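Notes follow the structure.
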2 protein chains.
Amino acid sequence: MPQQSPARPAAAKRRGRPGYDQQSVLEIAVEVFNERGFEATSMGALADSLGISKSAIYHHVASKGDLLRLALDRALDGLEGVLADPGASEGPAVDRLEHVLRRTVEVMVQELPYVTLLLRLRGNTEVERDAMTRRRTFTARVTKLVRMAGAEGSMRSDIDPGTTSRLLFGTINSIVDWYRPGGAITAQKLADDLISMSFDGLRLPAAARVPRIPRVPERVGTSSGH
Amino acid sequence: MPQQSPARPAAAKRRGRPGYDQQSVLEIAVEVFNERGFEATSMGALADSLGISKSAIYHHVASKGDLLRLALDRALDGLEGVLADPGASEGPAVDRLEHVLRRTVEVMVQELPYVTLLLRLRGNTEVERDAMTRRRTFTARVTKLVRMAGAEGSMRSDIDPGTTSRLLFGTINSIVDWYRPGGAITAQKLADDLISMSFDGLRLPAAARVPRIPRVPERVGTSSGH
DNA sequence: GTCTATATTGAGATAGAC
DNA sequence: GTCTATCTCAATATAGAC
C-alpha cells in the first residue's frame, strides 16, 4: 500500500458519521474507475483512494462487480426517466426528440460519473451485458423518434434515421469525455449548443457572412474532391 | 485454456507462410483488445484467439504494452497524415475544416481497429500518455481551424470554438462505436452525412416541410421549457 | 466500520527444447 | 516460430480480531 496518506477518507464522507457507508464508497469508487478504467482499477488501488484497507471495502459491497452494478443502475435509472417524462410523448416528434435530447444532456451532466462508466462498458460480465441491453433499449426508443420526425416531414430524411441517431448519440455521449460541471459553460448552454449545432448546423448562410479580405487565394485546394 | 480450438490461427495469416509475423499478430491482438478492452485482455486470452501459446507471442513483441504502442503509432500516423495534406492548409478555413473532417473520417474507417484502441485510452502507462499527447496535438490543430472559420465569418461564432470542436470530435469519434466497413453505408456517404448534419443541420426549414395531418395535438407539450 | 493476515487464482513474462 | 514448464507478483476475496 504505497499510494497515499492511509488515514483520511479524502472527501464525500457522510457528514458527521465516522467511516464510509455504501453510497460514499460508491461515489469515490466510480471516480477512480473513470480515471483509470474499471478493469485497470484494483481493489487495492481503490482502497488507497478511499484511505481504508481492501477488506474494509467488502463490508460495504460483496464484490467489485457489485460496485459496478450499483453505479450502472443509477445511470440507467436516470436515462430511462427521460423517456417517462410527459414531454417525451406529447407533440410533434421533432419536438419530442428535441426534448428527449435536452433532458438526456441534463441527466448526463447530473449523473456524469455514473453515465461515464456506463458508456465505457465492453460487456465482459453479466452485469455489464445487462446494462448494455438496457442502454440499447433506450437508444432504440430515441431512434424511433428520429424516424417519426423524418416521416412527419419536420426533419431531413436523406440521412438514414439509424445513422442520424448514432451520430446524435455520438455527439451527446462525448460530453462525458470533456464536460465538467462548474466550468465555463452550464448544462443548459451545453444542451442549447448541442441542439443548435445538430438541428440548425454550424455553417452560416452566405448571405449572413461578414465580408472579409481573403488572405489566401480563393479555392485553390478543393475541399471535397477525393 | 478453455476458449477455442487450439490449432488454427483463425485468419489474417501472412499468405502461404506458416505461423505469424508481427503484423499479423498485431492485427488479431487489436481486434481482441477492442472486443474485451485492453486491460481486460490477458495474454492467455490473446494466445487462445491467435491459436498459439502465450510464450509464442513474446517471439513477436517484447510485451503487452509493445503491442499497444505499435497499434497506437499506426492510428496516430494516419491521423497526423490528414494535417500534412495540402487541402488542410489551402483556402478558406471553413473549407479546410471540412476537408480535414472528411479525411479524418476516411482515416478512421481505414484504420478502424487502431483508431478505436486510441480513443479508449485512460492514460495508465507511459505508452498511453504519449499517444494521448499526440492525439491532443491533433485535435488542438483542428480546434484552431474552427476558430479561424468563425473569425472568417463563414461559421457561427455564438458557439465557443472549443465547444464546437469537442462536439464535432464527439460526433466523428463515435464512428468507431458502430460503423463497420462493408455494411450498408460507405465511408464516403458516412462523411457526407456527418458533414451535412454538422454544417447544415437536421431540421428542415418550415418552408420545405411536407404538409402533414397531425396525429397528435400541435404543441401540447413544450419542447424547451424546463 | 475497520484492521492484519492469508488463501487462492491468474496475470505478465522467461528459460530452454524442438 | 512455437512449445511446455515455471518464476514472480498482484489480483480478488475471506477469516477473524478490535
Side-chain angles (χ1 to χ4, degrees), chain A residues 1-10 12-29 32-33 36-70 124-128, chain B residues 1-10 12-29 32-33 36-70 124-128:
Chain A
M1 305 82 184
Q3 201 94 335
Q4 79 179 49
S5 60
R8 305 275 63 210
K13 271 174 65 175
R14 295 289 86 167
R15 287 186 291 179
R17 267 202 278 127
Y20 289 96
D21 61 5
Q22 195 186 60
Q23 177 54 39
S24 52
V25 166
L26 181 62
E27 218 165 289
I28 308 248
V32 182
F33 289 158
R36 309 178 172 219
F38 175 72
E39 316 257 8
T41 305
S42 69
M43 294 298 264
L46 177 53
D48 287 346
S49 293
L50 287 161
I52 59 178
S53 69
K54 279 193 291 178
S55 61
I57 300 174
Y58 290 94
H59 179 77
H60 302 285
V61 290
S63 67
K64 192 185 173 187
D66 236 51
L67 277 171
L68 185 60
R69 189 179 48 74
L70 289 167
N124 290 329
T125 63
E126 204 58 38
V127 167
E128 299 188 25
Chain B
M1 305 83 178
Q3 200 94 335
Q4 78 178 47
S5 58
R8 303 276 64 211
K13 273 173 63 174
R14 296 287 85 168
R15 287 187 291 176
R17 268 201 279 126
Y20 289 96
D21 61 6
Q22 195 187 62
Q23 177 54 40
S24 52
V25 165
L26 181 62
E27 217 165 290
I28 307 248
V32 182
F33 289 159
R36 312 160 68 129
F38 175 72
E39 316 258 8
T41 304
S42 69
M43 292 299 265
L46 177 53
D48 288 346
S49 293
L50 287 161
I52 59 178
S53 69
K54 274 197 293 179
S55 62
I57 300 175
Y58 289 94
H59 179 77
H60 302 287
V61 289
S63 67
K64 193 186 174 188
D66 237 51
L67 277 171
L68 185 60
R69 189 179 47 73
L70 289 167
N124 290 328
T125 64
E126 204 58 38
V127 167
E128 298 187 26

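Values below: all heavy atoms of this structure, side chains included; hydrogens, waters and symmetry mates excluded. The model shown is predicted, which means the values in this text are computed figures rather than measured ones. Throughout, protein chains are lettered first and strands after them, A, B, ... in sequence-line order, and every chain is numbered starting at 1.
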- Does A:H59 place a side-chain N or O at less than 4.0 Å from the phosphate oxygens OP1/OP2 of C:dG1? yes
- Task: Establish, with yes or no, whether the OP1 or OP2 oxygen of C:dT2 is under 4.0 angstrom from a side-chain nitrogen or oxygen of A:S53.
- Result: no
Using atom names, set out every protein N or O paired with an N or O of nucleotides 8-13 of chain D below 3.5 Å, distance rounded to 0.1 Å.
unit_1	atom_1	unit_2	atom_2	d
D:dT12	OP1	A:M43	N	3.3
D:dT12	OP1	A:K64	NZ	3.3
D:dT12	OP2	A:M43	N	2.6
D:dT12	O4	A:K54	NZ	3.4
D:dA13	OP2	A:Y58	OH	3.0
D:dA13	OP2	A:K64	N	3.1
D:dA13	N6	A:K54	NZ	3.4

- B:A56 side-chain proximity, nearest of D:dT2, C:dC3, C:dT2: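 The nucleotide sitting nearest to the side chain is D:dT2.
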- Any donor and acceptor pair, going by atom type alone, linking the side chain of B:N124 with main-chain N or O of A:R36 inside 3.5 Å?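 Judged by distance alone, yes, a pair lies under 3.5 Å.
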- Item | Backbone N/O of B:H60 and side chain of B:Q22: donor-acceptor pair under 3.5 Å |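 Yes; judged by distance alone, with no hydrogens or angles, the pair exists.
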Quick check: closest heavy atoms across [X] and [Y], and the distance to 0.1 Å?
X     : Y     : result
A:D66 : A:A62 : OD2-N, 3.8 Å
B:S53 : B:A47 : C-CB, 3.6 Å
B:I28 : B:L50 : CB-CD2, 3.7 Å

- Task: Would you kindly give the CD-to-P distance between A:Q22 and C:dT2, to the nearest whole Å?
- Result: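 Atom CD in A:Q22 sits about 13 Å away from atom P in C:dT2.
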- Query: With a distance cut-off below 6.0 Å to the six-membered ring centre and an angular limit of 45° from the axis, does B:K64 pair with B:F38 as a cation-pi contact?
  - Reply: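 Judged by the rule, B:K64 and B:F38 form a cation-pi pair.
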